[in-house]
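Following: one structure in structure tokens, then a few remarks.
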Amino acid sequence: PEGRYHFVTWHCADLFCGKRHGDSMYALDNKNLTQMATKMPLPMLSKGGFARDVACGIDGELCLVTLTWDGVVAIDAGASGSANPLTVVAEQWGGVPFDDAYIPRSHLWLRMYSGAQKALASRH
């Protein structure tokens, strides 16, 4: 809200980086840039998945995060008085239309290019 946070995704799946970066999102607080980023775990990600893109609504209170081929989640963007600041508040993953795509083990690097590519914020 009001441009307070910058949301960061790591395009490095656990296939290549281990369970360190791509299985979470991070929020940088513009009011205190010296503090550590707030980590927002995304436990619903399957092996190799990561948060790809973030789009927030005009009011900045709710953000949609695409999860490569796994689905999407909604993040409470930390609005004043929020009950669940900087946490996942809704999720749709693991089923139609977000079924796991079959990609042979010899070509797992192709998963980096599969699934949801871009989220766009609504203007209404």
Side-chain angles (χ1 to χ4, degrees):
E2 300 173 4
R4 178 169 180 184
Y5 296 102
H6 284 284
F7 294 106
V8 179
T9 65
W10 290 97
H11 289 206
C12 192
D14 61 353
L15 292 172
F16 305 104
C17 296
K19 289 299 247 179
R20 291 187 309 237
H21 304 299
D23 58 342
S24 297
M25 276 194 42
Y26 302 85
L28 299 173
D29 189 343
N30 290 328
K31 290 187 176 180
N32 186 358
L33 292 173
T34 60
Q35 90 178 29
M36 294 290 292
T38 300
K39 184 175 182 177
M40 296 174 277
L42 300 169
M44 68 288 301
L45 289 169
S46 63
K47 184 157 182 67
F50 56 90
R52 183 182 296 278
D53 195 25
V54 181
C56 300
I58 270 201
D59 59 7
E61 295 182 5
L62 194 64
C63 299
L64 181 74
V65 181
T66 62
L67 307 175
T68 51
W69 56 87
D70 286 317
V72 296
V73 296
I75 300 272
D76 179 329
S80 179
S82 174
N84 303 296
L86 302 177
T87 58
V88 173
V89 294
E91 54 191 58
Q92 177 68 43
W93 60 276
V96 176
F98 306 111
D99 292 279
D100 190 31
Y102 172 74
I103 297 176
R105 282 199 179 275
S106 59
H107 291 88
L108 284 180
W109 59 272
L110 288 172
R111 284 192 163 206
M112 302 293 269
Y113 306 103
S114 68
Q117 302 293 313
K118 188 77 178 153
L120 301 171
S122 173
R123 300 242 182 242
H124 301 285

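All values derive from a computational prediction rather than experimental measurement.
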Might you point out which heavy atoms bring [X] and [Y] nearest each other, and give the distance in Å?
{"X": "M25", "Y": "A51", "result": "CG-CB, 3.8 Å"}
{"X": "Q35", "Y": "T38", "result": "NE2-OG1, 4.4 Å"}
{"X": "K39", "Y": "Y26", "result": "CG-CE2, 3.6 Å"}
{"X": "G60", "Y": "A77", "result": "O-CB, 3.1 Å"}
{"X": "L62", "Y": "A74", "result": "CD1-CB, 4.1 Å"}

Would you say L67 and V54 are hydrophobically clustered, going by side-chain heavy atoms of ILVMFWY under 4.5 Å? yes

Co-membership, hydrophobic cluster, residues F7 and V88, 4.5 Å side-chain: yes

Look up atom CZ in R4 and atom CG in N32, then write down how far apart they are to the nearest 0.5 Å. 9.0 Å

Which of these, N30, L28, L86, sits in a side chain to side chain contact (heavy atoms under 4.5 Å, CB included) with Y5? L86

Is D53 reaching over with its side chain to a backbone N or O of A119, donor-acceptor style, under 3.5 angstrom? yes

State, without any angle test, whether N84 and S82 hold a side-chain donor-acceptor pair at a distance under 3.5 Å. no

